[in-house]
There are 2 protein chains.
Amino acid sequence: MTAKQTEKQFLKSYNIHDFDVPLTSVDMAIFTLKDEQLQVLLVKRAQHPALGQWALPGGFIDFKKDKVLADAARRKLAEKTGVDTPYLEQVATFGGADRDPRGWSVTITYFALIVCDEVELSGDESSDDVKWVPIKDITNKLELAFDHKQVLAACIERLKNKVQYTSLPVNLLPEEFTLTELQQTFEIILDKKIEKKSFRRRIDDADILEETGNMKTGSNRPAKLYRAKPKGENFYFTRNIEGPR
Amino acid sequence: MTAKQTEKQFLKSYNIHDFDVPLTSVDMAIFTLKDEQLQVLLVKRAQHPALGQWALPGGFIDFKKDKVLADAARRKLAEKTGVDTPYLEQVATFGGADRDPRGWSVTITYFALIVCDEVELSGDESSDDVKWVPIKDITNKLELAFDHKQVLAACIERLKNKVQYTSLPVNLLPEEFTLTELQQTFEIILDKKIEKKSFRRRIDDADILEETGNMKTGSNRPAKLYRAKPKGENFYFTRNIEGPR
């Protein structure tokens, strides 16, 4: 062994600033359903680099506030939206020499699902503006800062995959919802129609919902309202949700 | 906007060492099949911290050699094993204030699948020893440095999940293999028996293998040898591989 020091001596003399270190940040795709579309939260950057460009919200780890990585993600989400108990999932980490003009950089990306009715958006010193943007408006039309278009694409892909075999979409609905609203949520994310009969059978078999005892009334026939059972928010189906055959 | 500088001026005055920065590293679970067991490569640390402890191989990003994150993982793998074209997949990123005594740290973890017959293990200045260790010997008996036991558990879980719905195990076999060897590989990773008939039907339906024209002879009845078709190494089944019912 090349151990000429004790670990204590080593740690005392260790200084991370003696080394090449990448910028390491956390970025988030915060999804919601709004106007019957899947939308994502974007911020307009008020700081260099990429000043004035739209980007996914994110930032650096705060050593004083963040004990673990997900704390940084939750903190950023709460700062922008006030929501502090979202469905949050780490998607992937992107890193490279060329993705940020400041130098070698790494970003750990998360997606969150929230109900936008409960949210009041707020900017901060790092952003001039913050808004919901439909996914479809970004894919073709809107440029994003850094590699955030690629990051967002990875988050959307993960969300769509997960929706095929989990009950994740309940996290996009208010606490009480009808089966039709739940089916529409699946359909909006998957961007295709689902067969009502097989959807209902699947939800029945999964036993993830319970009736709240309330009814939704309005322009349509009154419909039973449901909520997710505890742990029903992220149930795994044994087969994928399929489109009509 | 608070833009009092141009981006060029900003970048000129920007110095990452003015900020709190986490240690950011890449760690890998390199899996192989050896002695009919799933095994993982471990290195014995020759440097502080955790000197003398067994750990997953890994290290810091080399700004001169690594253009993107996966380059760092591939480089580490090649240094230890000589293998430079593995199946490589990013699993998850772990980060926190307490996982490394040097300070706030982040590790991006990958798993790789390789054929161990082709491999000559080699240490370097950062490791005193390097060896294959059966997964079962680690889970209960062996302590690992840092949070590497948790990292390894995440890699094993991802591998087991993936094996249920993809053809990933072909990456653990030599170029030519029998259907029985492929089934055994699935069984070893899943740690349970699979029904031969339904396994063969699934492989047939997936159309991911082709006959090489060669036969395996030996103590058993001669058996046809197969190879993965191009892009057959990571085929997604529409239903999970199941155990016997």
Side-chain angles (χ1 to χ4, degrees), chain A residues 1-3 5-11 14-24 26 44-52 60-64 66-72 90-99 101-109 125-126 128 165 238-240 242, chain B residues 1-3 5-11 14-24 26 44-52 60-64 66-72 90-99 101-109 125-126 128 165 238-240 242:
Chain A
M1 289 196 197
T2 59
Q5 300 173 300
T6 64
E7 181 162 311
K8 204 172 161 187
Q9 287 167 334
F10 164 82
L11 290 172
Y14 182 87
N15 183 350
I16 192 170
H17 296 292
D18 294 338
F19 302 92
D20 279 344
V21 282
L23 280 93
T24 299
V26 168
K44 194 172 191 177
R45 291 182 55 81
Q47 293 174 336
H48 289 302
L51 181 137
F60 295 106
I61 293 155
D62 185 322
F63 283 24
K64 293 195 186 66
D66 306 325
K67 286 289 284 177
V68 294
L69 268 179
D71 292 342
Q90 194 189 91
V91 176
T93 297
F94 297 82
D98 300 326
R99 54 178 301 282
R102 285 168 287 190
W104 226 107
S105 72
V106 170
T107 184
I108 302 109
T109 64
E125 79 284 356
S126 71
D128 278 331
Y165 60 93
T238 56
R239 294 203 63 168
N240 288 353
E242 285 155 49
Chain B
M1 289 195 197
T2 60
Q5 300 172 299
T6 64
E7 180 163 312
K8 204 172 160 187
Q9 287 167 333
F10 164 81
L11 291 173
Y14 182 85
N15 183 351
I16 191 171
H17 295 292
D18 294 338
F19 302 92
D20 280 343
V21 282
L23 278 92
T24 299
V26 168
K44 194 172 190 176
R45 291 182 55 81
Q47 292 174 338
H48 288 302
L51 181 139
F60 295 106
I61 293 155
D62 184 323
F63 283 25
K64 292 194 186 67
D66 306 326
K67 287 288 283 178
V68 295
L69 268 180
D71 292 343
Q90 194 188 91
V91 175
T93 297
F94 297 82
D98 299 326
R99 54 179 302 282
R102 286 168 287 190
W104 225 106
S105 72
V106 170
T107 184
I108 303 108
T109 64
E125 79 284 356
S126 72
D128 278 331
Y165 61 92
T238 55
R239 293 202 64 169
N240 288 352
E242 284 156 50

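Residue numbering restarts at 1 for every chain, and letters A, B, ... go by the order of the sequence lines.
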Under 4.5 Å from a heavy atom of chain B, the part of A:I108 involved: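 Contact with chain B involves the side chain of A:I108 alone.
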Per-residue contact mode, A:D66 against chain B (heavy atom under 4.5 angstrom): both
Segment of B:L23 engaging chain A (4.5 angstrom heavy-atom cut-off): both
Which portion of B:A50 sits near chain A, non-hydrogen atoms under 4.5 angstrom: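 Looking at B:A50, just its backbone touches chain A.
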Option that, when pairs with chain A are counted at under 4.5 Å, heavy atom only, ranks first among B:Y14, B:F60, B:F19, B:F94: B:Y14
Under 3.5 Å donor-acceptor, B:Q90 side chain and A:A92 backbone: no
Taking the side chain as every heavy atom from C-beta outward, state whether [X] and [Y] have any pair of such atoms under 4.5 Å apart.
X: A:V106; Y: B:V106; answer: no
X: B:R99; Y: A:V68; answer: no
X: A:D20; Y: B:D62; answer: no

Among the listed options A:V21, A:T6, A:D71, the residue most often paired with chain B at heavy-atom distances under 4.5 Å: A:V21
Largest heavy-atom contact set with chain B, pairs under 4.5 Å, which of A:A70, A:A72, A:G95: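 Of A:A70, A:A72, A:G95, A:G95 has the most heavy-atom pairs under 4.5 Å with chain B.
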Gap separating the OG1 atom of A:T107 from the CG atom of B:L69, nearest 0.5 angstrom: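 Spacing of OG1 (A:T107) from CG (B:L69) equals 10.5 Å.
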A:W104 and B:F63 aromatic ring geometry - parallel, tilted or perpendicular at 30°/60° bounds: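 B:F63 vs A:W104 ring planes: parallel.
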